[in-house]
There are 4 protein chains.
Amino acid sequence: MVPRTAPDPARRSERSRAAVLAAASELVAEVGFGKLTIEAIAARAGVGKQTIYRWWPSKGAVVFDAFLAASEHDGSLALPDTGDLAADLRTALRPAVDNLADPAFDRTARALTAEIVTDPALHDEYRARLLDPLLEVTRERFRSAREAGQIAPDADLDLAVELLYGPLHYRWLYRLGPLDHAQADRLVEAVLRALNAGSAG
Amino acid sequence: MVPRTAPDPARRSERSRAAVLAAASELVAEVGFGKLTIEAIAARAGVGKQTIYRWWPSKGAVVFDAFLAASEHDGSLALPDTGDLAADLRTALRPAVDNLADPAFDRTARALTAEIVTDPALHDEYRARLLDPLLEVTRERFRSAREAGQIAPDADLDLAVELLYGPLHYRWLYRLGPLDHAQADRLVEAVLRALNAGSAG
Amino acid sequence: MVPRTAPDPARRSERSRAAVLAAASELVAEVGFGKLTIEAIAARAGVGKQTIYRWWPSKGAVVFDAFLAASEHDGSLALPDTGDLAADLRTALRPAVDNLADPAFDRTARALTAEIVTDPALHDEYRARLLDPLLEVTRERFRSAREAGQIAPDADLDLAVELLYGPLHYRWLYRLGPLDHAQADRLVEAVLRALNAGSAG
Amino acid sequence: MVPRTAPDPARRSERSRAAVLAAASELVAEVGFGKLTIEAIAARAGVGKQTIYRWWPSKGAVVFDAFLAASEHDGSLALPDTGDLAADLRTALRPAVDNLADPAFDRTARALTAEIVTDPALHDEYRARLLDPLLEVTRERFRSAREAGQIAPDADLDLAVELLYGPLHYRWLYRLGPLDHAQADRLVEAVLRALNAGSAG
DNA sequence: TAGTAACCGAGACGGTACGTCTCGTCTTTAC
DNA sequence: GTAAAGACGAGACGTACCGTCTCGGTTACTA
C-alpha cells in the first residue's frame with residue numbers, strides 16, 4: 001500500500017468548500033447533528049462524497065469547521081480593559097449568556113460539545129482555535145487586575161477563569177436555571193469575592 | 001401506523017434485563033460508546049435484539065441504565081455535616097476528583113455526558129436520578145452552614161453549588177488542568193471566600 | 001427433551017378452529033398468501049398463536065384447510081354418466097373453466113398451487129382430498145365409455161384424464177389464452193379424437 | 001418517498017453479477033428456495049446486500065436469472081423438422097421428460113414454478129424469455145406439418161401445443177405417474193390422433 | 001499551446017448496523 | 001386445566017450510510 005499522498009491545497013475548489021460548509025450549517029439546523037450524514041451534506045452541496053472525505057476527517061470536523069467559519073471572526077474574544085474589572089467581566093459574560101440562551105445556538109452548541117467531549121482530535125482543534133484564546137484573554141484581564149492590586153496578589157489565574165466560566169457552562173449544559181444578565185452579574189460578584197477583590201485594595 | 005402498545009413490565013424477564021446491562025457495561029469499556037452497537041449488546045447478552053428495543057428507547061438509554069445500576073447504590077451522595085464546612089466539601093470533592101481522573105471512568109463519563117447533553121430524555125433521567133439528588137444534598141449542606149452563620153446570610157445556594165461543581169466539571173470536560181486533591185482544596189477555599197465565609201463569623 | 005405429546009383432538013375447541021379458518025380465508029383474500037402471517041391470523045381470529053401451532057403444521061396447511069372447508073362439500077366432483085361422453089365431459093369442464101376464470105378464485109388457487117407444488121405434505125393432502133377423487137371419477141367415466149365401445153378398447157385411462165385436464169391447467173397456469181366454454185368444448189373434441197372415439201363405433 | 005431512480009446499467013459490475021448468480025444457483029440446490037435468503041446469497045457471493053437489491057427486485061428474480069443464465073444458451077429450443085412429425089415431437093419431448101425426472105432439476109423447477117405462478121413480473125419474464133419461444137417453435141413445427149397435410153388443415157395450433165405440453169406438465173407437477181420416454185411417446189401418438197394425423201393423408 | 005495531472009461530480013461497490021417483522025417456543029394470567 | 005396474551009431468542013428483512021473505488025469531464029499547471 002502506497003501511503004495516500006496528501007491532497008494539494010492549492011488546487012482545492014473554494015466553491016466546493018463553501019458549499020459544503022453552507023450545506024452542513026443548514027442541515028445541522030434542520031435535522032440535528034445526530035441525524036446529519038455525509039451523504040446528505042454532499043447531496044445538498046452538489047458535491048461528490050469524495051470531496052468531503054478528501055478535505056475533512058470526520059462529520060464532526062465538517063460541522064465544526066462550519067461553526068468556526070461563522071464564529072471565528074466575530075470579535076467575541078474582545079474583552080475590554082477599562083480598569084473596572086467587574087464591569088469588564090460583565091461585558092464579557094452578558095453576550096455569552098445571550099448566545100447560550102438562544103435556542104438555535106443552544107442546539108448547535110450542544111451537538112458540538114458532545115463531539116468535542118468525545119473526539120480527541122476535535123477537542124484539540126476546539127482548544128486551539130476557540131477555547132484557549134478565550135481563556136487566555138480572560139486570564140490576561142485577571143493578570144492585569146492582579147497587577148493593579150484589584151485582586152489578591154497570589155490569585156490563581158487558571159482557577160479564576162474556571163470560576164468565571166465553569167459555573168455558567170455547568171448551568172447551561174444541564175439546564176440548571178435561567179441564563180440571563182442578572183445571573184451573570186451575580187456570578188461576577190461571587191468570582192470577585194473569591195479572588196479577594198477589594199480586600200487587598 | 002398504529003402506535004406501539006407499551007409492553008407489560010410485569011412480564012419482563014429479569015434475567016434478560018441483567019444480561020443486557022452487564023453486556024453493555026463490558027462492551028462500552030471495550031470498544032467505547034461510539035463503536036458500541038445494539039447488535040453486539042444483544043449478541044453478548046444472549047438476547048434477541050427485539051428484547052432491547054422493547055425495553056429501551058436508545059443505545060444511550062441502555063448504557064445509561066447500566067451506568068446507573070452500578071452507581072445508584074454506592075453511597076456516593078453521602079455528604080457529611082460535621083460542622084466544618086470546608087472539611088465536608090473537601091470530603092465530597094476529593095473522591096469525585098479521583099473518579100474523574102480515572103481513565104476508565106473518564107471514558108464512560110464522557111460518552112454519557114455527550115448523550116445526556118444531546119438527548120433530552122436522557123437528560124431528564126440523569127437530572128432525576130443522579131444530578132438533582134447530588135445538587136440537593138450539597139445545597140442542603142450549604143443551607144445548614146448558612147443557618148450556622150458560616151456563610152453570608154443572603155448567600156445564593158444555587159449559585160453556591162454551581163460555583164462548587166461548575167469549575168471542576170469545566171476543567172475535567174475540556175482537560176484544562178490536572179484533577180487532584182490540591183486542586184479540589186483550592187477550589188473549596190475559593191468558593192468559601194465567594195460565599196463570604198468567615199467574614200460574617 | 002420429552003417428545004411433544006400429540007394434542008388430544010377431543011379437547012379441540014371448535015370455536016377456535018372455525019375462527020382460525022375464517023380469519024385465514026379473509027386474510028388470504030385481503031393481503032395474498034405471501035404476505036399472510038400466522039400472527040395476523042391469530043390476531044384476527046382472537047386466538048393465541050399457540051393454538052394455531054398446536055393444530056396446524058404450517059401456514060400453508062391453515063390456508064389449505066380453509067380452502068378445503070369451502071370446497072369439499074360442493075358437489076363439484078359429480079360427473080354425470082348420461083351415455084353421451086362428449087356432453088358429460090363438457091358438463092365437467094365448463095364449471096371448472098368458470099372457476100379458473102374468476103379472479104378471486106384464480107388468486108387463491110395460484111397461491112395454493114404454489115404451496116402444493118413445493119410442500120410435499122400439502123401435496124399429499126391435496127392429492128388425497130381433492131385431486132385424486134376428481135381424477136378417479138373422471139377415469140371412471142372414461143372406463144364406462146370404453147366398456148360402451150365409445151373409445152378405443154385399449155385406451156390408456158390415465159393418459160385420458162391427463163389429456164383432459166392437463167391442457168386446461170397449463171393454459172390457466174401460464175395464462176396462455178382465454179378460459180371459456182368454447183375453449184373447453186374444443187378441448188373435449190380433441191381428447192375424444194385422441195381416444196379414437198367414434199372410429200370404433 | 002421519492003421513487004428510487006434506476007441505477008445506471010453501464011456501471012454495473014459484471015464480476016458481482018456473475019458471483020450473485022453463481023451463489024444463488026449453488027444455494028438453491030443446497031437449501032431449497034424456501035430457505036434461501038438474500039443475506040446468504042450476498043455472503044456467498046462476497047457482495048453487499050445492496051448490490052442485490054439494486055439490480056434485482058426479489059429473491060425469485062435472482063434465482064430465475066440464475067436459472068435463465070444456465071438455460072438460455074443450451075439449444076434446448078431446437079425442434080427439428082425432418083418431415084416426420086411424430087419423430088420430431090418425440091425428439092423434443094424425450095429430453096424434456098429426462099429433465100423433469102432429474103431430482104435436482106425437479107427441485108429447482110418446482111421452486112421457480114411456484115414463484116412464476118404467483119409473481120406476475122416473474123411470470124412475464126418467464127413467458128418472454130423461455131416459454132413463449134418454446135411454444136412458438138413448437139407451433140411452427142405443427143404449422144409446417146399442417147401445410148404438409150400431415151394433420152388436419154383446420155387444426156388449432158394453440159390447442160395442439162397445449163395438448164402436447166399440458167398433460168406432461170400436469171403429470172409432472174402433481175406427480176401423477178412416471179416420466180419416461182414410453183410415456184412421452186404415447187402422449188405424442190395421442191396428440192397426433194387428436195390432430196387427425198393420417199386421416200387426411 | 002499541448003499534455004498531463006489533480007480535482008471534481010457522480011455513483012456503484014463491499015460492508016455494517018439499523019429498527020422492524022415474523023418465526024416457533026415458552027411463560028404467565030385468567031377463566 | 002385450557003387457552004388468550006404476549007415476552008422471548010433467533011434471525012432475515014429491506015434501508016441507510018459508511019468509507020473506498022472507479023469513472024468521465026473539467027481545470028489549471030507545466031513543457
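In the text below, chain A, chain B and the rest are named by the order of the sequence lines, each starting its count at 1.
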Exercise. Expressed in angstrom and rounded to an integer, what is the separation of I52(D) atom CD1 from dG15(E) atom P?
Worked result: 12 Å
Exercise. How many Å lie between CZ on R17(A) and P on dC7(E), as a whole number?
Worked result: 17 Å
Exercise. So, do V62(D) and D65(D) sit near enough that their side-chain heavy atoms are less than 4.5 Å apart?
Worked result: no
Exercise. So with a 6.0 Å cut-off around CZ of R12(D), is the heavy-atom count from everything else above 12?
Worked result: yes
Exercise. Hey, is the main chain of F33(A) close enough, under 3.5 Å, to the side chain of K59(A) for a donor-acceptor pair?
Worked result: yes
Exercise. Rounded to the nearest 0.5 Å, what separation is found between the CD1 atom of I38(A) and the CG atom of L27(A)?
Worked result: 11.0 Å
Exercise. Over how many whole Å does the gap from K59(C) atom NZ to dC21(E) atom P extend?
Worked result: 16 Å
For this session: State, to 0.1 Å, how close L21(A) and W56(A) come at their nearest heavy-atom pair, and which atoms those are.
Result: CD2-CZ2, 3.8 Å
For this session: Kindly assign one of parallel, tilted or perpendicular to the pair Y126(C) and F64(C), based on the angle between their ring planes and the thresholds 30° and 60°.
Result: perpendicular
Exercise. Can you find a pair of side-chain heavy atoms, one from W55(C) and one from R17(C), that are under 4.5 Å apart?
Worked result: no
Can you tabulate the close N/O pairs, meaning under 3.5 Å, that link protein atoms to atoms of nucleotides 7-9 of chain F?
from	atom 1	to	atom 2	distance (Å)
dA7(F)	OP1	D8(B)	N	3.2
dC8(F)	OP1	S13(B)	N	2.8
dC8(F)	OP2	R54(B)	NE	3.1
dC8(F)	OP2	W55(B)	NE1	2.6
dG9(F)	OP1	S16(B)	OG	2.9
dG9(F)	OP2	G48(B)	N	3.3
dG9(F)	OP2	T51(B)	OG1	2.7

Problem set entry | Residue closer to the 5' end of DNA chain F, A40(D) versus A42(B) (nearest nucleotide) | A42(B)
Exercise. What is the distance, rounded to the nearest whole Å, between atom CD1 of I38(A) and atom P of dT16(E)?
Worked result: 20 Å
Exercise. Closest nucleotide of DNA chain E for P57(C) versus for Y53(B): which of these residues is on the 5' side?
Worked result: Y53(B)
Exercise. Taking DNA chain F as the partner, which of residues 19-37 of chain C come within under 4.0 angstrom of it by heavy atom?
Worked result: none
For this session: Could you check if a side-chain atom of K49(B) sits within less than 4.5 angstrom of a side-chain atom of T37(B), using non-hydrogen atoms only?
Result: no
